[in-house]
Amino acid sequence: MSLTEKQIERYSRHIILEQVGGKGQEKLLRSKVLIIGAGGLGAPAGLYLAAAGVGTIGIVDCDKVDLTNLQRQIIHHTSDVGVEKIKSAENKMRAINPDITVQTYQTRVDAKNISDIIRKYDFVIDGTDNFPAKFLINDACYFEKIPFSHAGILRFHGQLITVLPGETTCYRCIFSAPPPANAVPSCSQAGVLGVLAGVIGSLQATEAIKYLLGLGKLLTGTLLTYDALEMNFRAVKLNRNPNCPLCGGKPKITELKDEEQVVCDLKNCKC
Amino acid sequence: MSKPEEPILHIPQSVKEDTHGYRSQVKKFLDGQTSPVAFRAYRVPMGIYEQRAAGKFMVRIRIGAGLVLPHQLERIAHLSKTYGNGIVHVTTRQDIQIHEVDIEDSPDVLEGLLEAGLSSRGGGGNTVRNVTACPEAGVCPEEEFDVAPYAIAAAEYLLKDRSSFNLPRKYKIVFSGCSKDCAFASIADLGFFAHMKNEAKGFSVYAAGGLGSNPAVAAKIEDFIEAEEIFEVAEAVKKLFDKYGDRANKHKARLRYVLARVGIEKFIKLYRAERDILKTEGLPYTAPQICEITSIYKVPKTSITVRLRLKNGDIPADDLSKVGQIAAKYGQGLIRTTQLQDLLITGIVKEDNDKVHSELKKLSIDVFGDGSSKIVACAGASTCKLGLCLSRGLAEAISNKLSRTASSAGLSETTIRISGCPNSCGHHYIAAIGLQGKAKRVNGKLMPCYDVLVGAKTIEGDAHLGKRIGTVPAKKIPELLAEVFDAGEINEEKLKNRVGQYSDFSSEQFPDDYYYDFGSNEPFSLAGRGPGECGAGVTDVIKLDIDEAKDALKSAPTNSENIYKAVIAAARALMVTFGLEPKKDREIFAAFTRGLIEPGWVKPQTQQLLDDAIDWRMGDKESIEDLFPQAEDLTKRVEELYLSLDANLKFKIEPVAKKTNVDKEDADNHVIDLRGVGCPLNFVKAKLELEKLDTGAILGVLLDEGEPVRNVPASFAEQGQEVLEVKNSGDHFFVKVRRKK
């Protein structure tokens, strides 16, 4: 593969980078990233990855764009209200960069379908808004050995961690299971600063690109937390848990299982 | 012992083998195993040409001495109907063509022809082409003797040798029965004129003639040879051609260029040397028997000839078979093709004349004509990839005008020959009146025009090509010819006078219609003609633009308006060589950037001039008066490029970018020219180029002065690459970088 004149211009600011160059850009064009959830986190991640020329971007979501989404999910526009999120997201990503291929999955990930979906990708971005999905993604990526970026946002706080399954601290090393129902407020109950999604989703995209190009130090074994009010980032070192029910010495979890939905109000979802 | 089925020209075994091998070549091509270019090299010498209509092919069948048998015409007609468009075409070199054949059917056509003793081998390409002879050879009262048997024998001899199909260029051989030269031996690569000496048959021999670009009349190389010597002469000239023909330049490869290069004395010396070798070593192939044709196809003592006038040389396939049947029944038993693209039925006894006429009246086309002048026209721009003007449209218009005014009495032997471009396929150089299509820019728009040529003569020893007497708008030609024919003959003085009057383009306002060619609904344009396909005819147009640019620079005052005019005209001038005719200023500049700046034909700095010019035009810039030197520079460079154009419309001078050949070698031949490319894209491109090299290899980078040469080497150094050298090379810099990582 060699870059076309148009591609050389489009990606010139990447190519100039010593650590990227033409070879790195070509690698990105050959790479595949899956974004689960076309919401607050998935929006900036999808747009930046598309702009960066990640050749294949998969996007999973079962919802339609709602007016309440637009405060933070910047991939969707007012005119998209009522449109499937994956369609809306695909249109924006293709508009930014017609070079790329967008794969869409109009579904909610569950224990039955997730392995087949993630298997084709080099990296997964968890942009979901509920605990069962986050545990499911963690487990599925562990079984399929696919690196992923976990993140969560609430009010003025965000956090993220990158997981290389079997090598670095996983989500279950930190939390063995979802919290009990209503112990943690969900987004719709608690509210969230829109721009927070932009910051954290962009960091997830950064991790994806670094992983794909083998650049720098990944955010592994470290949970990065962000407090927008104090304007404070903290890196919390978290070692692997030898008793992790998933990746520990004596794993209890040996197959995928849907966790009980405890937080999000799902009655509007038609999937 | 010849049976009637036996062909007149015997196809040698080697040609038969090659024809049978053709099918597998087509299969390989269709299976994608052979590239179109490689296949073309095989296809064209088989006499199969691509037509302008995409994907259709033409098969050119050689008809030796223009003699063809009824059963052969039957077969040609059948193949034309089965695989082609059902219309058969007679060429000016006595060939017969089947048109619009699909390539997958072409092996069937070739094998079908072979069964009837016909072949298209050598119909095209750099080969011994059809050997032609007087159309009335054997029945002409004026001939010294029948030359057809010699033309046939010469063809049979040369066809045996596979080297005849791989010459520097085409090799056309002609036999004329007397000095009147109806066969046009005086413009052939090798022409023979029949002479009797002490009651022995023989020939005078001429060589290195030809029409097309740089046309020439053939020069005499032998006063008299005995008839049996034709093989040795043809072989010797072929060997000479093979040795000295310029294989590197297709456009300067014909035998006449060898003669022009070495001069006639040296040429004859070289020819004699070849003959001497043949005299000691003998001919490489056995000379065939010379068979008197009239001993098999007998001609009654008093007989007449009927000429079938074919418009544009075309005849429907069914009619062609019928003509064969008529010739079998009433004529000599053979049919003749002529250099005027007609058919002849010879050897008809007087009493049958009416019957023949009534039979011919039953054909679907009129073959008698109206007694007006014969008009020969090349295919023209409608079907020919090289054409400029729609020559057949003009032929039609002339024919209508002349028959309407009934002014052509007594001139039915006068031929008008039309070529749509300087390539001369209509043989305009040898007509009573020759017309050659060209384009002229009149009041800013292109107008189809024709050069008028008169005074041509093809008589042995006194042959002249037509002389140009002026240029006339295409739309005025029919009227002009009608006037000239009024007097009952061509009055050359009067013609010159009238052409002179018509040639004045300066004072006149032309009606819109003059900017449209005959039969076209589109304004006349050169657009869409690919590089090298529009031929020399466009050079006049280029010259006009360059002159316009120069005039604008000379005109006072030196203001922005005049400079702009010069820049536009100079930028537009060479665009036709790329097959482009941009009309809007912006399109002209864009085309110029792509065609001339990017490939390095002009300085990259020219881009700035174009940008400034456009800015001025759009009102974003006050004045471009200070750009006079740059505009002058541009005009000069464009003229240099124009003067270097070869016959294929390619520039023959070095591009500006190649001044740095020495630098190239220094840098292991890895050099990228980034002049005219701004920051930081120049670094991006240089970096990509460096990435392609192995670690330790060196890349040369050509950069503009200023920001580029300050930035790019520094950026490489920052990224850990080794900058070996930054050298000032006049108006640009040469930077050498070694890949370290």
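Chain identifiers are assigned alphabetically (A, B, ...) following the order of the sequence lines, protein sequences preceding nucleic acid strands; residue numbering begins at 1 within each chain.
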Please tabulate, one pair per line, the N or O donor-acceptor pairs under 3.5 Å between chain B and chain A.
from     : atom 1 : to      : atom 2 : distance (Å)
B:Lys685 : NZ     : A:Glu5  : OE1    : 2.5
B:Lys687 : NZ     : A:Ile15 : O      : 2.5
B:Lys687 : NZ     : A:Ile16 : O      : 3.1
B:Lys687 : NZ     : A:Leu17 : O      : 2.6
B:Glu691 : OE1    : A:Gly22 : N      : 3.0
B:Glu691 : OE1    : A:Lys23 : N      : 2.9
B:Glu691 : OE2    : A:Gly22 : N      : 2.6
B:Gln719 : NE2    : A:Ile16 : O      : 2.5
B:Lys741 : NZ     : A:Glu18 : OE2    : 2.4

Quiz item: Can you name the nearest heavy-atom pair linking A:Gly22 to B:Leu688, along with the distance?
Solution: CA-CD2, 3.3 Å
Quiz item: Does any pair with a residue in residues 697-714 of chain B pass salt bridge (Lys or Arg N to Asp or Glu O under 4.0 Å), and if so which ones, sequence neighbours excluded?
Solution: none
Quiz item: Nearest heavy-atom pair of A:Ile8 and B:Leu681: which atoms, and what distance?
Solution: O-CD1, 4.3 Å
Exercise. Count the heavy atoms belonging to other residues, nucleotides or ligands that lie under 6.0 Å from CZ of B:Arg40, then report whether that count exceeds 12.
Key: no
